[in-house]
Amino acid sequence: MIVEPGVARRSLKQEEIQTDLAIIGGGLSGVCAAITAARAGAKVTLVQDRPVLGGNASSEVRLWVLGATSHMGNNNRWAREGGLIDELLVENMYRNPEGNALIFDSILLDKVVSEKNITLLLNTGIYNVQKTNADTIDAVVGFCSQNSTTYIVHAPFFCDASGDGIVGFLAGAAFRMGAEMSDEFDEKFAPTKAYGELLGHSLYFYSKDTGKPVNYIPPSFALSDITQIPRYKTFNAAEFGCKLWWIEYGGRLDTVHDTENIKWELWKVVYGVWNYIKNSGQFPEAETMTLEWVGMIPGKRESRRFEGDFMLSQKDIVEQRQHTDAVAYGGWSIDLHPADGVFSEKPGCNQWHGKGIYQIPYRCMYSKNIDNLFLAGRIISVSHVAFASTRVMATSAYAAQAVGMAAKLCLDHQVSPRALGENHISMLQKNLQKAGQYIPEHRFNDNTDLVNSATLYASSEYILNELSLADVAKPLSVSVAQMLPLGVGAVPQIIIHADADEATTLQVELRIGSKEGNYTPEVILALSKIPLKVGRNCISLDFSTYIRQPCYAFIILQKNEHVRLHYSNDRITGVLSVFNHINKAVSNYGKQTPPKDIGMDAFEFWCPQRRPEGQNMAIKIKDGIAAFGIENLRNGIDRPTTTPNAWVASFEDVSPHVEVTWNNVQTIKRIELLFDTDFDHPMETVLMTHPENVMPFCVRNYQILAEEELVHTVTGNYQTRNEIIFEKPIHTKRLTIKVEHPSPNIPAALFAVRCYA
Ligand SMILES: Cc1cc2nc3c(=O)[nH]c(=O)nc-3n(C[C@H](O)[C@H](O)[C@H](O)COP(=O)(O)OP(=O)(O)OC[C@H]3O[C@@H](n4cnc5c(N)ncnc54)[C@H](O)[C@@H]3O)c2cc1C
């Protein structure tokens with residue numbers, strides 16, 4: 001028993017922690033920065049004020065993680081972010097294709113606690129900073145209400161990933177809140193005051209059907225007059241969660257200090273909406289439904305943005321400007337919302353896409369006036385307009401991976417974040433690429449990779465000469481394109497199959513993008529109008545055109561209500577069909593036609609369909625396309641870009657394998673293999689379900705042999721990046737990697753093999 005006499009006052013228990021990198025905020029950005037730094041060898045303390053990790057992606061808010069793939073609704077092909085965020089999304093897909101937010105929480109916790117270099121402080125809110133001098137932070141101070149302890153975390157480097165930028169704010173870092181004037185960065189899309197300068201918060205609810213009648217009595221604070229919401233007729237009994245992202249409020253308030261008031265207003269709306277669904281009589285199907293969950297903390301979109309040495313702005317995104325210090329990329333639309341949110345007469349968002357992905361430079365990721373402060377998440381150094389794209393979670397987390405790696409290099413080289421960028425940027429880029437980060441326009445040249453000096457041999461190489469005809473014919477009700485990776489030279493003759501129910505003319509086009517690596521098919525190289533007879537037509541396409549640099553060409557068939565097109569069940573790494581269809585969720589109406597004066601481009605959308613739809617066209621290609629060779633394994637790009645960048649085995653190969661041979665015996669401690677987990681698939685984390693829990697292109701089973709000796713076997717792989725570390729290094733002149741085809745319709749593929757001493 002403890003008995004203490006009354007005293008004048010007491011102090012809290014206090015714990016001091018010394019760490020290499022203190023990360024404040026355990027949203028997806030903080031998590032990705034922490035794990036990246038920890039795996040690189042830094043001691044990390046991750047401080048999160050909530051009981052779970054994930055921030056807006058956690059079960060507390062329940063937003064699905066999105067990034068450059070944009071729900072598969074724009075022209076950014078194979079654009080899912082790589083490295084750690086890819087590992088997390090692929091893991092979630094494997095364990096949780098149903099999109100249960102609680103499972104995603106557990107995956108993030110699992111990944112963080114598996115890292116010995118991370119000290120995780122949950123339920124600990126940082127509320128103070130201690131400084132060494134005006135430009136340098138010495139420590140952050142937080143309080144955990146659960147164990148009544150004050151933590152003082154000292155570190156040479158800090159990363160503010162707290163969303164509102166609590167550390168940057170307290171430390172005196174330069175920041176902005178609101179929108180820039182149009183002329184500051186020549187941003188034609190900069191909003192007017194009337195539209196609003198800040199995005200608001202949102203709260204969600206989940207409902208469920210109990211199978212028996214359920215009465216609902218709303219709380220007194222629920223909105224009683226639903227017509228105060230101009231778009232109230234859009235509500236229905238089937239939609240909940242982040243599909244109702246437009247239940248938004250607070251864009252005209254102080255989105256830091258007014259958050260509690262904003263939350264009450266959002267609760268008022270949420271309970272009012274549920275009352276409308278249950279008690280208005282408009283939704284008889286809701287009789288047996290009940291509220292399953294209501295958000296208790298609002299999801300915050302925007303508050304402070306901090307100033308780094310560079311501020312990304314609209315033209316960087318739209319013109320896809322190059323930056324020598326690029327370390328990440330984005331590809332979500334520029335997505336502004338009216339500040340009046342749910343009470344606005346305007347559409348809930350004003351979204352305009354770019355023609356392709358854009359680079360994010362490292363200079364956006366540290367404070368310009370606090371020497372040891374990194375920025376991660378929505379607070380990075382971007383204009384309000386650029387923020388409207390960079391803010392989404394896969395993009396923020398991707399940039400945060402660069403911060404985690406940069407922090408470790410700053411420690412190693414005893415330099416500031418700025419000096420690292422000035423003197424060691426290529427080292428940062430290489431270290432990131434080694435960890436799986438794809439940086440557009442940057443090929444990975446790794447001179448420590450032993451595969452560079454080896455001879456490569458493959459048991460077979462896939463030649464794309466046919467996507468075999470299946471029993472699938474579908475009406476050509478939407479224009480469709482087959483994307484084909486063509487090399488320099490004459491476009492091969494192509495044969496497709498179509499049925500016509502009356503004599504008609506089919507318009508066929510050959511198009512490519514106007515910029516290398518983009519997939520917006522806007523340059524028409526050839527166009528022909530082909531007469532079709534009633535019944536089966538075997539159509540030979542001879543474009544008589546020349547391709548000047550390797551690229552994806554689009555064989556486009558314009559829609560025709562009298563035609564049914566034949567498809568194939570074959571699916572090949574780096575080969576896709578795309579459709580000129582509509583995806584309203586991301587403001588894709590087939591064609592983007594922006595007003596003239598907002599600085600955005602007009603173009604068509606050509607996007608894949610989600611499996612099990614989205615088959616390739618049944619097609620024959622004279623002489624075939626040879627783009628899947630063994631040299632792709634060491635070309636420094638691990639996803640399709642202008643070519644597939646993968647070695648693909650032929651269907652007929654019953655024992656597909658590659659051999660890596662050296663003249664002399666090599667000592668190998670580590671091997672990396674990169675498999676195809678379909679970088680085109682968006683992998684939304686919650687609410688949305690997915691048709692597979694393993695991407696169908698992924699090699700599940702493989703073996704590695706050193707000479708004739710079996711040194712490693714894997715069954716049931718589902719991850720992109722496999723790292724094999726040998727307890728005892730192997731000594732060999734020849735490695736053989738035997739892979740199994742994932743399925744009879746999908747040949748085995750591999751993007752890279754890397755070996756290290
Ligand atoms: C309603 C809504 C819809 C959106 N839609 C999407 C979408 O569909 N897909 C998508 O990818 N993105 C979406 N976004 C954007 C995205 O969620 C945010 O931009 C993103 O979460 C920002 O990441 P972050 O890590 O900076 O912040 P957060 O995810 O908010 O994480 C910050 C973390 O820091 C913690 N923290 C805050 N203060 C402290 C402190 N003092 N001490 C310790 N910890 C602290 C917070 O609890 C939180 O966990 C949406 C945002 C909102 C609000």
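Atoms within a ligand are numbered from 1 in the order they appear, just like the ligands themselves. Computed from heavy atoms alone, side chains included, the values below leave out hydrogens, waters and symmetry copies.
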Using every non-hydrogen atom in the two residues, find where H154 and Q130 come nearest and quote the distance to one decimal. CE1-OE1, 4.0 Å
Examine [X] against ligand 1 and note whether any of their N/O atoms are separated by less than 3.5 Å.
| X | result |
| --- | --- |
| N56 | yes |
| Y204 | no |
| L28 | no |
| G125 | no |
| R391 | yes |
| R301 | no |
| R378 | yes |

May I ask you to identify the nearest protein heavy atom to [atom], giving residue, atom name and distance to one decimal place in Å?
| atom | result |
| --- | --- |
| atom 27 (O) of ligand 1 | G163 CA, 4.1 Å |
| atom 46 (C) of ligand 1 | D49 OD1, 3.4 Å |
| atom 4 (C) of ligand 1 | L63 CD2, 3.4 Å |
| atom 49 (O) of ligand 1 | Q48 NE2, 2.9 Å |
| atom 41 (N) of ligand 1 | I126 O, 3.0 Å |

Is it the case that R304 places NZ or CZ above or below the six-membered ring of F175, under 6.0 angstrom from the centre and within 45 degrees of the axis? yes
Heavy-atom distances under 4.0 Å decide this one: backbone, side chain, both or neither, for [X] against ligand 1?
| X | result |
| --- | --- |
| H201 | neither |
| I166 | side chain |
| W64 | both |
| V61 | neither |
| C242 | neither |

Heavy-atom contacts with [X] under 4.0 Å: which atoms of ligand 1 show up? List them by number with element.
| X | answer |
| --- | --- |
| L66 | 8 (O), 9 (N), 10 (C), 11 (O) |
| M393 | 10 (C), 11 (O), 12 (N), 16 (C), 17 (O), 20 (C), 21 (O) |
| V47 | 43 (C), 44 (N) |
| T124 | 42 (N), 43 (C) |
| K300 | 53 (C) |
| G299 | 53 (C) |
| R50 | 47 (O) |
| G27 | 31 (O), 33 (C), 49 (O) |

Aromatic ring pairing Y438/Y329, orientation class (parallel under 30°, perpendicular over 60°, tilted between): perpendicular
So for atom NZ, which belongs to K131, do other residues, nucleotides or ligands contribute more than 12 heavy atoms lying within a distance under 6.0 Å?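 Counting other residues, nucleotides and ligands, NZ of K131 exceeds 12 neighbours.
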Within a 6.0 Å radius of atom NZ on K368, are there more than 12 heavy atoms belonging to other residues, nucleotides or ligands? no
Which is closest to atom 32 (C) of ligand 1 by heavy-atom distance: S29, G377, A161? A161
With no hydrogens and no angle check, is any side-chain donor or acceptor of E307 less than 3.5 Å from a backbone partner on N369? no
Is it true that a side-chain atom of S389 and a backbone atom of A386 form a donor plus acceptor pair closer than 3.5 Å?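 Not at all, since once roles are kept as given, no pair shorter than 3.5 Å links the two residues.
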For F205, the option from F240, Y271, W274 that meets ring-ring contact (aromatic ring centres under 6.0 Å, His included):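 Among the candidates, only W274 passes.
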ring-ring contact (aromatic ring centres under 6.0 Å, His included) partner of H337, the single match among W246, F387, W245, Y195: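 Answer to the ring-ring contact (aromatic ring centres under 6.0 Å, His included) test with H337 among W246, F387, W245, Y195: W245.
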Centroid-centroid distance, W264 to Y249, less than 6.0 Å: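 No, the ring centres sit 6.0 Å or more apart.
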Tell me which donor-acceptor pairs under 3.5 Å the side chains of residues 119-126 have, and how far apart each pair is, sequence neighbours excluded?
residue : atom : partner : partner atom : Å
T124    : OG1  : L122    : O            : 2.9

